[in-house]
Every structure is written in structure tokens, then in C-alpha cells.
Amino acid sequence: MTAVQALRAWDARRWGAAVVASIGSIVLLGIPTAMIPNPVFARKIEAPAWTYPSLIVTSILAGLLLASYVRTRADRAADGTSLDEASPEEARSVTLGGLLSFFAIGCPTCNKLVLIALGSSGAITWFEPVQPVLAVGGIAVLLWALRRRLEGEVACTVPAARV
């Protein structure tokens with residue numbers, strides 16, 4: 001419940017950052033995986049229907065998570081900076097969630113790492129069935145990181161230091 005309280009307290013600047021970051025996430029994930037048609041990247045295997053909702057949910061969570069680092073007006077007034085710094089644990093969870101989602105929605109035979117490790121038939125036989133699990137794992141990691149971040153805003157409010 002405290003995560004919802006933190007979201008309710010967000011100002012328009014943070015919500016704007018969330019929208020921009022979500023759109024950016026869709027572009028950053030969608031273009032190299034060819035979920036967004038483009039002249040540079042192509043898929044050899046058509047994207048399954050579940051990859052589109054996975055892309056959207058991942059992008060929304062990533063956008064909200066990135067926007068949680070935008071400082072509030074009071075914090076900016078106190079020390080003049082616009083962004084919070086991520087702890088190493090937070091940075092790892094965002095990276096892990098994004099990578100899992102990237103591997104989940106990508107073409108199994110277009111991924112060079114998978115082809116090197118498993119070959120073309122292994123990519124279809126072994127990797128493709130695991131991709132939905134990777135999508136759920138990526139979403140779960142991003143959701144966990146967002147919830148932890150938002151609960152920290154409400155539970156551990158500390159007045160800004162005066163410089």
C-alpha cells in the first residue's frame with residue numbers, strides 16, 4: 001500500500017519523466033528485437049502474441065522506475081540536483097530486469113549468444129520455450145525494484161540536508 005501512496009504523491013514532472021522513459025524503453029527494447037519494424041533489424045521468427053504485452057509492461061515498469069529517481073521540487077530546492085543516485089543493488093536489479101526482458105522478447109534464432117551456445121536447432125528447441133519464463137522473471141525483478149524504491153520514499157522520508 002505504501003508504494004501506491006508514493007505514486008499518488010508524485011508531481012507532474014515525475015509523471016512526465018515516467019511517460020518519456022516508458023516510450024524510450026519501448027523504443028530501446030523494440031527496435032533491436034524488431035518488435036518495432038525498422039530497416040536495420042529483422043526477425044527470422046515472427047514474434048509470438050505474448051511478447052507485445054511483455055514489451056509494454058516492461059516499458060511501463062522501467063519508465064516508472066526511472067522516474068522514481070527524478071527528485072521532488074523540495075529536494076531540488078534543498079541541494080540543487082535533479083536526480084537521485086541509484087545504489088549498486090538497485091542498478092543491478094534494473095539491469096537484470098531489462099536484460100531478462102530483452103532476451104525474452106527477442107527472436108531466438110537472431111540472438112548471437114544463443115546461437116553460439118545452442119546452435120539454431122537448440123535455439124528453437126531449448127531457448128524459445130524458456131522465453132516466456134524470462135519475460136515473467138524480468139517483469140518480476142522490475143516490479144520488485146519499483147516496489148522497493150517506492151516504499152522507501154514513503155517509509156524512509158528524510159528531510160533534505162541544508163547546504
Side-chain angles (χ1 to χ4, degrees), residues 1-38 40-41 43 47-108 110-111 113-114 127 130-161:
M1 191 61 158
T2 55
V4 174
Q5 290 171 337
L7 286 174
R8 286 184 183 155
W10 279 17
D11 59 6
R13 183 169 186 253
R14 267 193 169 175
W15 283 110
V19 169
V20 169
S22 294
I23 292 169
S25 296
I26 285 177
V27 170
L28 286 175
L29 288 171
I31 287 183
T33 59
M35 302 265 312
I36 298 173
N38 66 81
V40 178
F41 297 101
R43 291 182 77 100
W50 62 264
T51 58
Y52 292 97
S54 176
L55 173 64
I56 292 167
V57 170
T58 297
S59 297
I60 290 170
L61 290 173
L64 290 170
L65 192 54
L66 291 171
S68 74
Y69 289 95
V70 174
R71 302 197 72 187
T72 63
R73 187 176 311 257
D75 291 338
R76 286 192 319 271
D79 65 7
T81 60
S82 296
L83 298 173
D84 275 340
E85 289 186 29
S87 71
E89 181 181 300
E90 290 170 336
R92 280 191 299 271
S93 63
V94 171
T95 303
L96 177 63
L99 280 175
L100 286 173
S101 297
F102 178 77
F103 285 122
I105 64 174
C107 172
C110 301
N111 186 325
L113 295 174
V114 173
F127 186 67
V130 173
Q131 285 182 294
V133 176
L134 293 176
V136 170
I139 289 170
V141 169
L142 290 173
L143 192 59
W144 174 82
L146 177 63
R147 182 174 179 215
R148 181 178 165 147
R149 179 87 180 145
L150 292 175
E151 286 178 350
E153 286 184 11
V154 176
C156 294
T157 55
V158 176

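All values below come from the heavy atoms of this structure, side chains included, with hydrogens, waters and symmetry mates left out. Along the sequence shown, residues carry numbers from 1.
The OG1 atom of Thr2 sits 7.0 Å away from the CZ atom of Arg147 when rounded to the nearest 0.5 Å. To the nearest 0.5 Å, the span separating CD1 on Ile56 from OG1 on Thr51 amounts to 9.5 Å. Annotation: the span from Leu146 atom CG to Ile60 atom CD1 amounts to 11.5 Å, rounded to 0.5 Å. Expressed to the nearest 0.5 Å, how far CG of Leu142 lies from CG of Leu65 amounts to 6.5 Å. Residue Leu29 holds its CG atom at 9.5 Å from CG of Leu99, rounded to the nearest 0.5 Å. Rounding to the nearest 0.5 Å places CG of Leu28 at 10.0 Å from CZ of Phe102.
Within the structure, no pair that satisfies the side-chain hydrogen bond (donor to acceptor under 3.5 Å, both in side chains) test touches residues 19-36, not counting sequence neighbours.
Here the closest heavy-atom approach between residue Ser101 and residue Thr58 is recorded as OG-OG1, 3.2 Å. In terms of heavy atoms, Val70 sits closest to Arg14 at O-NE, 2.6 Å. Of all non-hydrogen atoms in Pro32 and Val27, the two that sit nearest each other are CD-O, 4.0 Å. For the residue pair Ser59 and Ile26, the shortest heavy atom distance occurs at OG-CG1, 3.1 Å. Nearest approach of Ala18 to Trp10, heavy atoms of both residues: CB-CZ3, 4.3 Å. Nearest heavy-atom pair, Gly30 versus Leu55, reported as atom, atom and distance to 0.1 Å: N-CD1, 4.2 Å.
Here the side chain of Arg43 pairs no donor or acceptor atom with the backbone of Met35 at under 3.5 angstrom.
Two residues are said to be in side-chain contact when any heavy atoms from C-beta on lie closer than 4.5 Å; Leu64 and Trp15 meet this criterion. The shortest side-chain heavy-atom distance between Phe103 and Val130 does not fall under the 4.5 Å cut-off. You'll find the side chain of Ile31 stays beyond 4.5 Å of the side chain of Val40, heavy atoms only.
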>> Please evaluate residues Val136 and Trp50 with respect to the criterion side-chain contact (heavy atoms from CB on, under 4.5 Å), reporting the C-alpha separation (whole Å), side-chain torsions for both, the decisive distance (0.1 Å), and the verdict.
In response: CA-CA 11 Å; Val136 170; Trp50 62 264; over 6 Å; no
